[in-house]
Amino acid sequence: MQIRRRLKKAYPDATTELNWRNPFELLIATILSAQTTDKKVNEVTPKLFGNFPDAHSLANADLKEVEEIVKPLGYFRQKAKTIVGAAKALAEKFDGEVPKSMSELIQLPGVGRKTASIVLGTAFGVQEGIAVDTHVQRVSQRLGLSKNKKPEKIEQDLMALVPRNEWSWFGHALTLHGRYVCVARKPQCSKCVIEAFCEKVGVSTVLSSHQIQK
DNA sequence: CTCCCGATAT
DNA sequence: ATATCAGGAG
């Protein structure tokens, strides 16, 4: 696929922009990154992991203290509850270690296929899925890589298109592309290395309707 | 489907 | 003013 080759050249080392030092930190940081930028998450994790460096300490954390730390991320009550709950599950069911399989990871509170794929691929090199977040969803639809809207369906379509050993990289590449070039509101098609292969699903429609009203 | 949450870009 | 930001649970 041409698209994959172009992306390879543009984003050869695509990976998460979250800061992490071990699988536990990556798991918690990825849960926290829902509906927030990685940059924001990176601003709170030094204090979070300074106070709670592992699953056992976070499992026994004071909820209010965790809420205060993650407050800048939004959804702070839910996120605090979720990461403490996930830490408790890690401590009780997995001896404080992050499990290395999709089926085990998605049992943790706050962890769906997207978060699990990130952790598996990035921390363990285990490729059981492709992380489909809002960026991957949008870029895949614009490019015409998938006609589906549901993340699970998009994931299946992408997995059929890309060799398994590149699943993790491909997800990160689409995310970076979506974050910096194929952005939601005003995609910078002139800077896009795969514009020639893009069906621009929904792109020109939005622009023209906006321009007509002007 | 709604809710959780608030900063930022447009 | 509104859409959006590496979603997942109820």
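Since the model is a prediction, treat every value here as computed from it, not as a measurement. Every chain is numbered from 1, with letters handed out A, B, ... down the list of sequences.
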Q) Out of B:dG6, C:dC5, C:dG7, which nucleotide sits closest to the side chain of A:F76? A)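 The closest nucleotide is B:dG6.
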
Q.
Counting only side-chain heavy atoms from C-beta out, which of B:dC5, B:dA7, C:dC5 sits nearest to A:R77?
A.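 The listed nucleotide nearest to A:R77's side chain is B:dC5.
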
Q. Roughly how far, to the nearest 0.5 Å, is NE2 of A:H135 from SG of A:C182?
A.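 These two atoms lie 10.5 Å from each other.
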
Q: With rounding to the nearest 0.5 Å, note down the distance linking CZ in A:R4 to CG in A:L145.
A: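 Reported to 0.5 Å precision, the distance equals 11.5 Å.
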
Q.
Taking the P atom in each of C:dG8 and B:dA7, what is the distance between them to the nearest angstrom?
A.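 Result for the P pair: 23 Å, nearest Å.
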
Q. How far does the P atom of B:dT2 sit from the matching atom of C:dT4, given to the nearest Å?
A.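 Per the computed distance, 16 Å lies between those P atoms.
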
Q. OP1 or OP2 of C:dT4 less than 4.0 angstrom from a side-chain nitrogen or oxygen of A:R138, does that happen here?
A.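 No, A:R138 has no side-chain N/O under 4.0 Å of OP1/OP2 on C:dT4.
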
Q.
It should be established whether A:T36 places a side-chain nitrogen or oxygen under 4.0 Å from OP1 or OP2 of nucleotide C:dC5.
A.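 Answer no for this pair, as no side-chain N or O of A:T36 is under 4.0 Å from OP1 or OP2.
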
Specify the separation, in whole Å, of atom [atom1] of [X] and atom [atom2] of [N].
{"X": "A:Y75", "N": "C:dT4", "atom1": "OH", "atom2": "P", "value": "13 Å"}
{"X": "A:H135", "N": "C:dT4", "atom1": "NE2", "atom2": "C1'", "value": "9 Å"}
{"X": "A:I31", "N": "C:dA9", "atom1": "CD1", "atom2": "C1'", "value": "13 Å"}
{"X": "A:K79", "N": "C:dA9", "atom1": "NZ", "atom2": "P", "value": "14 Å"}
{"X": "A:K186", "N": "C:dC5", "atom1": "NZ", "atom2": "P", "value": "16 Å"}
{"X": "A:I83", "N": "C:dA9", "atom1": "CD1", "atom2": "C1'", "value": "16 Å"}
{"X": "A:K81", "N": "B:dC3", "atom1": "NZ", "atom2": "C1'", "value": "12 Å"}
{"X": "A:Q78", "N": "C:dC5", "atom1": "CD", "atom2": "P", "value": "18 Å"}

Q | Nucleic acid contacts of residues 114-133 of chain A, taken as heavy-atom distances under 4.0 Å to DNA chain C | A |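 Residues of residues 114-133 of chain A that come under 4.0 Å of DNA chain C are, in numerical order, A:K114, A:T115, A:I118, A:A131, A:D133.
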
Q. Is a side-chain donor or acceptor of A:S57 paired with a backbone partner of A:D54 at a separation under 3.5 angstrom?
A.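 Confirmed, A:S57 side chain pairs with A:D54 backbone.
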
Q.
Can a donor-acceptor pair be found, under 3.5 Å and without considering hydrogens, that links the side chain of A:N22 to the backbone of A:F24?
A.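 Such a contact is found between A:N22 side chain and A:F24 backbone.
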
Q: Would you kindly compare A:A184 and A:I106 by the position of their nearest DNA chain C nucleotide and give the one closer to the 5′ end?
A: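 By nearest-heavy-atom nucleotide position, the 5'-most residue is A:A184.
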
**Q.** 5' precedence on DNA chain C between A:L108 and A:E17 (nearest-nucleotide basis)
**A.**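 The residue closer to the strand's 5' end, by nearest nucleotide, is A:E17.
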
Q.
In this structure, would A:V162 and A:L176 fall into the same cluster of hydrophobic residues linked by side-chain contacts under 4.5 Å?
A.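 Yes, same cluster.
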
Q: Could you check if a side-chain atom of A:F49 sits within less than 4.5 angstrom of a side-chain atom of A:I28, using non-hydrogen atoms only?
A: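 SC-SC contact between A:F49 and A:I28 confirmed.
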
Q.
Between A:E195 and A:K200, does any side-chain N to carboxylate O distance fall below 4.0 Å?
A.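 Result for this pair is yes, salt bridge flagged.
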
